[in-house]
Amino acid sequence: MPRPIQALIHGRALTANLARVRAHAEDARVWAVVKANAYGHGLERVYEALRSADGFACLDLAEAQRLRELGWRGPILLLEGCFEPRDLEFCSRLNLWHVVHCAEQIDWLARHKAHLPQRVFLKLNSGMNRLGFAPTALRSAWARLNALPQVDEVSLMTHFADADGPAGIGAQRAAFDAVTAGLPGERSLANSAAVLRHMAQGAPGGGLVSDWVRAGIMVYGSAPDFPEHDSRHWWLAPAMTLRSRLIAVQSLSAGDTVGYGSSYTATAAQRIGIVACGYADGYPRHAGSGTPVLVNGLRCSTVGRVSMDMLAVDLRPVPGAGPGSEVTLWGCGPGASVLSIDEVARAAGTVGYELMCALAARVPVALADD
Ligand SMILES: *Cc1c(COP(=O)(O)O)cnc(C)c1O
């Protein structure tokens, strides 16, 4: 028998979450962000469920190529643009839209022997200080691009650092509006957090206009602003389940310890279950005792350190559990039980994004039939 661990990808949840993007960004067109192999879900596995998007946004040329091979003829955006001049050949051949965030990328375009002019998204650094032109350089970059025969339409974009938190988007939005005032072209500003928190008319700090939104994490069912809001608050459903089974049970007496470093000590008699899941499966090693986990759909918590292939669970809430019992590390459990990946991430000092992306290659993945 194979090791009982498995990941499930929920196509229905992906489609429903994409519909939530549209509900929040009614007049916008939606890019489903599928970088990092669709946030660890697998590009080929999410493709059918996300075909109702207006476009796909990714990072690697290889991902763009896989989308074309899957038959996608609509827009594809390269979120960081080209990494070297010959990437422009791929953009021509695969008809990719690409971000232009630095002067070198304009130089490459100017030397590119274009077949057809390319659509570009000129990126402003409005304060995140990662990629993009400084406000003082944006208009000359725009003028340069606009004059190139290699370039078709020039659109404008920026990325918010604090769309998920109390600092908000006010200063970056004001910087963007000031620098781009009067320039023609579509705008793309919103990631998931901005879609959820800043696009609604009438909401405080709301009314953000983004002709194209770039929705990543919410499509996969994780709340970008957890723990202020959880996925249920935003009506998002988990797109990934990580599940396994108990492969052993231990009966502890008071004073017994569990696992490497003996970091957990039983204070009374207690049963613990050993789960076939460890950090080599992508489960976070930094998730300490007390991290939530479902056994037979009931909420329990981990005890002791996570090892490479196993972790331990306190079985006191599920006296009937034994070897073979179903364990949900995150996602959908039996019945209607759900454990949000955000809760597990928080217990490990990280975010849902990282856990999804870190699902290990050794975990078999199936499409759920719900
Ligand atoms: C990854 C990424 C997104 C998506 O962000 P989410 O928080 O996952 O919605 C949007 N824009 C850019 C530029 C990105 O790199």
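All residue numbers in this chain count up from 1 along the given sequence. Start at 1 and go down the list; that is how both ligands and their atoms are numbered.
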Peer 1: Would I217 count as a polar contact of ligand 1, with the cut-off being nitrogen or oxygen pairs under 3.5 Å?
Peer 2: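 The answer is yes, given that I217 and ligand 1 share an N or O pair closer than 3.5 Å.
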Peer 1: Closer than 4.0 angstrom, basic N to acidic O: yes or no for R362 and D281?
Peer 2: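 Salt bridge between R362 and D281, a charged N being under 4.0 Å from a carboxylate O: yes.
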Peer 1: Any idea which protein heavy atom is nearest atom 12 (C) of ligand 1, and the distance to it?
Peer 2: H159 CE1, 3.5 Å
Peer 1: Would D342 and R232 pass as an ion pair if we require N to O under 4.0 Å?
Peer 2: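 Answer for the salt bridge query: no.
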Peer 1: Salt bridge check: are E63 and K35 linked by an N-O gap of less than 4.0 Å?
Peer 2: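 Salt bridge flag = no for K35 with E63.
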Peer 1: Between G216 and ligand 1, is there a nitrogen or oxygen pair with a distance under 3.5 Å?
Peer 2: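 Yes.
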Peer 1: Among all protein heavy atoms, pick out the one at the shortest distance from atom 7 (O) of ligand 1; state its residue, atom name and that distance to 0.1 Å.
Peer 2: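 For this ligand atom, the closest protein heavy atom is Y353 OH, 2.6 Å.
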Peer 1: Provide the number and element of each atom of ligand 1 under 4.0 Å from a heavy atom of N191.
Peer 2: 5 (O), 9 (O), 10 (C)
Peer 1: For K113, is there an ion pair with E89 - N to carboxylate O distance below 4.0 angstrom?
Peer 2: no
Peer 1: Tell me: protein heavy atom nearest atom 4 (C) of ligand 1, and distance?
Peer 2: Y39 OH, 3.4 Å
Peer 1: My understanding is that we take every heavy atom of each candidate and find the minimum distance to atom 14 (C) of ligand 1. Doing that for R214, K123, K35, which one comes out nearest?
Peer 2: K35
Peer 1: So does R187 pair up with D177, basic N to acidic O under 4.0 Å?
Peer 2: no
Peer 1: Closest non-hydrogen protein atom to atom 9 (O) of ligand 1, residue and atom name please, with distance?
Peer 2: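 Ranked first by proximity to atom 9 (O) of ligand 1 is S192 OG, 2.5 Å.
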Peer 1: Taking the inter-plane angle between the rings of W97 and F121 on a 0 to 90° scale, is it parallel (under 30°), tilted (30 to 60°) or perpendicular (over 60°)?
Peer 2: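 Because their plane-to-plane angle is under 30°, the rings of W97 and F121 count as parallel.
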